[in-house]
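Numbers restart at 1 for each chain; the letters A, B, ... are given by sequence-line order, proteins then strands. Below, all heavy atoms of this structure are taken into account, side chains as well, without hydrogens, waters or symmetry copies.
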2 protein chains.
Amino acid sequence: MKETILVVDDDRNICELIKMYLEDEYTVEVVHDGGSVIEKIKQTNPVLVILDIMLPVKNGLEVCKEIRQQRDIPIIMLTAKGEEIDKILGLELGADDYITKPFSPREMAARVKAVMRRARPAEKKEQVLRFPGFVIDMECHQVMVNGEQVELTPKEFELLWLMAANPGKVFTREKLIEDVWGYNFYGDTRAVDSQVKRLRRKLESIPGAPVYIHTVWGIGYKFEVLG
Amino acid sequence: MKETILVVDDDRNICELIKMYLEDEYTVEVVHDGGSVIEKIKQTNPVLVILDIMLPVKNGLEVCKEIRQQRDIPIIMLTAKGEEIDKILGLELGADDYITKPFSPREMAARVKAVMRRARPAEKKEQVLRFPGFVIDMECHQVMVNGEQVELTPKEFELLWLMAANPGKVFTREKLIEDVWGYNFYGDTRAVDSQVKRLRRKLESIPGAPVYIHTVWGIGYKFEVLG
DNA sequence: GCATATTTTGACTTGTTTTAACCAAAAATA
DNA sequence: TATTTTTGGTTAAAACAAGTCAAAATATGC
């Protein structure tokens, strides 16, 4: 399930624009006035709120304050140029960031990303997986089989990483697509077969390399280094 | 043990805000007037001071000068918009950075991070990187390839330094922008390509120079001197 | 304030990867 | 053994990422 971002702006064009840029990664909910924000937050439980200051029914500053009283959701304020941003930041309100209209969608996306990164403290994952005669290095994006380097494309690498991180566990094609390709992939599950095939060819082209990726007939694939 | 950051501002809301954003990583001490700063520094031994200019009892500029006379602690000044920032930085005062109020907490956190990164490794980290037939000298801001000097622009140099300091590690364009360009660059990631291209051209124009900067398709770039 | 150097951007080209469709082979089922 | 189902291999086209160049924007030094 994707996380939700709530956008509050009375200008529907702006809402659409923001939505377009974020909906690859998030579910984007939209509200057009300040009166129904709190209600919507309860319903959709967003991880971030993008909030215009000039709003019908209830001012964005008030809304911001209200949200802050109830929950600890990161808030990015939208302000027109020249609006008094003094009050927005720091002080009583404590929005996490602000964007001045008009803004470039790219900047908006970058700021969202930055705020989210701060909000979700970095979980440091293991960067290297090791098996006998087999090393997968996330940092260097590199795979070594019996001391020989194997060049992998991004998809191949991700696929291998996911399976190797859970050795022995069987992944269905659907699961692999969900985890490697992402939510918004509507292609054939046969795409997985293709990737697996090329991954196998590359890995097993090294002399003496064992079979790493096993077909579990009727289910999917699994990674296992057999003695 | 966490390191300590000292915040000096008479506005308690701002102090609270800064504290919120930094206390994950640091112990945050707070002082509300300019008179007791020196005393507090002796007590808590902070690694960084965030200092408002407008302070009761004693002016922030004076305090800054005093701190500088005694210790080599990085200082970030807080200024209201329109205050004369010329004097703050460089010469007489020598603050390391400044933030204009009102500021977004995000920007503040990023600047703290940047100042800390710059300040800390100064003592221990190596100022010169050496590879076979290849020397990068941070102090002289100079690069030698096979004995020949290569002139690099600031961005080119920083880019090269970052990657060469972590040979083999792959950097995404986003990561490079974050580390080399800084937090307030929201341009195209294509800018990285441009820099890399010119960097490559300069480095590889030397006869016999190997390829240093490698493209990792779909991910980014890495520095590696291959045998 | 002007001239110069540097950086960024956009359009275009080139090259690689990914996808989707097809068919053959293998495994399970009847 | 014949049939159905599932998997694997191949390939061309589409999608995408990276390289290149030059002009515009920006910063820098005089």
Side-chain angles (χ1 to χ4, degrees), chain A residues 24 104-107 110 141 143 150-163 170-205 211-223, chain B residues 85-86 89-90 141 143 150-163 170-205 211-223:
Chain A
D24 277 358
S104 84
R106 199 163 46 207
E107 174 178 343
H141 212 264
V143 175
V150 182
E151 294 289 345
L152 297 183
T153 68
K155 279 261 155 51
E156 289 164 1
F157 189 90
E158 278 191 72
L159 201 58
L160 177 61
W161 179 268
L162 176 63
M163 293 201 286
V170 180
F171 291 85
T172 64
R173 288 178 177 69
E174 285 76 17
K175 181 73 182 148
L176 289 171
I177 282 187
E178 197 183 310
D179 288 359
V180 175
W181 274 257
Y183 301 99
N184 40 2
F185 177 85
Y186 295 108
D188 201 332
T189 52
R190 199 41 55 83
V192 178
D193 294 38
S194 245
Q195 291 294 343
V196 168
K197 189 206 121 211
R198 283 187 300 118
L199 190 49
R200 276 176 170 158
R201 184 170 57 197
K202 284 190 183 177
L203 295 180
E204 290 160 19
S205 71
V211 174
Y212 299 112
I213 298 169
H214 303 268
T215 302
V216 182
W217 216 92
I219 312 289
Y221 298 98
K222 69 174 172 179
F223 177 95
Chain B
I85 42 177
D86 305 33
L89 303 169
H141 214 264
V143 176
V150 181
E151 293 291 343
L152 296 183
T153 67
K155 278 263 154 55
E156 289 164 1
F157 188 88
E158 277 192 71
L159 201 58
L160 177 61
W161 179 267
L162 176 62
M163 293 203 284
V170 180
F171 291 83
T172 63
R173 289 176 177 70
E174 285 77 16
K175 181 75 182 145
L176 289 170
I177 282 185
E178 198 182 307
D179 288 359
V180 175
W181 274 255
Y183 49 88
N184 48 359
F185 178 85
Y186 292 109
D188 202 324
T189 52
R190 200 37 58 85
V192 178
D193 294 36
S194 242
Q195 292 294 342
V196 167
K197 188 201 134 210
R198 281 185 298 119
L199 190 49
R200 276 175 172 161
R201 186 169 56 197
K202 285 189 182 176
L203 295 179
E204 290 160 20
S205 71
V211 174
Y212 300 113
I213 298 169
H214 302 266
T215 301
V216 182
W217 217 93
I219 310 291
Y221 298 99
K222 70 175 170 179
F223 177 95

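Put simply, CZ on A:Arg173 is 15 Å from P on C:dA20, counting in whole angstrom units. Between A:Glu151 atom CD and C:dT16 atom P there is a gap of 13 Å when expressed in whole angstrom units. Counting to the nearest Å, the C1' atom of C:dT17 and the CG atom of A:Leu199 are 14 Å from each other. Across the protein-nucleic acid pair, B:Lys197 atom NZ and C:dT6 atom C1' stand 14 Å apart, rounded to whole Å. Summarising the geometry, the separation between CG on A:Asp193 and P on C:dT19 is reported as 12 Å, rounded to the nearest angstrom. A:Glu107 places its CD atom 16 Å from the C1' atom of C:dT9, with the value rounded to the nearest Å. Rounded to a whole Å, the CZ atom of A:Phe157 is 15 Å from the P atom of C:dT17. Remark: C1' of C:dT16 and CG of A:Leu152 are 15 Å apart, rounded to the nearest angstrom.
Contact annotation: the side chain of B:Asp193 approaches that of B:Arg173 to within less than 4.5 Å [non-hydrogen atoms, C-beta and beyond]. Residues B:Gln195 and B:Arg198 are in side-chain contact: their nearest non-hydrogen atoms beyond the backbone lie under 4.5 Å apart. Contact check for A:Thr215 versus A:Arg200: side-chain heavy atoms found under the 4.5 Å cut-off.
Along DNA chain C, the nucleotide closest to A:Arg106 and the one closest to A:Glu156 are compared, and the more 5′ of them pairs with A:Arg106. With DNA chain D read from its 5' end, the first of the two nearest nucleotides for A:Arg201 and B:Ser194 is the one closest to A:Arg201.
Between A:Gln195 and C:dT19 there is a side-chain polar atom (N or O) within less than 4.0 angstrom of OP1 or OP2.
Across all their heavy atoms, B:Val170 and A:His141 have their closest contact at CG2-CB, 3.8 Å. Of all the heavy atoms in A:Leu176 and A:Tyr221, the pair that sits closest is CD1-CD1, 4.2 Å.
Dense packing is recorded around CD of B:Glu174, with more than 12 heavy atoms of other residues, nucleotides or ligands lying under 6.0 Å away.
Distance check, rounded to the nearest 0.5 Å: CG of B:Leu203 to CG of B:Leu152 gives 6.0 Å.
Using the six-membered ring where Trp is involved, B:Phe185 and B:Trp181 have ring planes that are tilted, between 30° and 60° apart.
A donor N or O paired with an acceptor N or O is not found under 3.5 Å between the base of C:dA5 and the side-chain atoms of B:Thr153.
Note on B:Tyr186: nothing from the nucleic acid sits closer than 4.0 angstrom, heavy atoms only.
Protein chain B contacts DNA chain D from D:dA17 to D:dC21, reading 5' to 3' and using non-hydrogen atoms of the protein with a distance under 4.0 Å.
Distance alone, capped at 3.5 Å, is enough to place a donor-acceptor pair between the B:Glu156 side chain and the B:Thr153 backbone.
Listed by residue number, B:Val216, B:Trp217, B:Gly218, B:Ile219, B:Tyr221 are the residues of residues 216-223 of chain B with a heavy-atom contact under 4.0 Å to DNA chain D.
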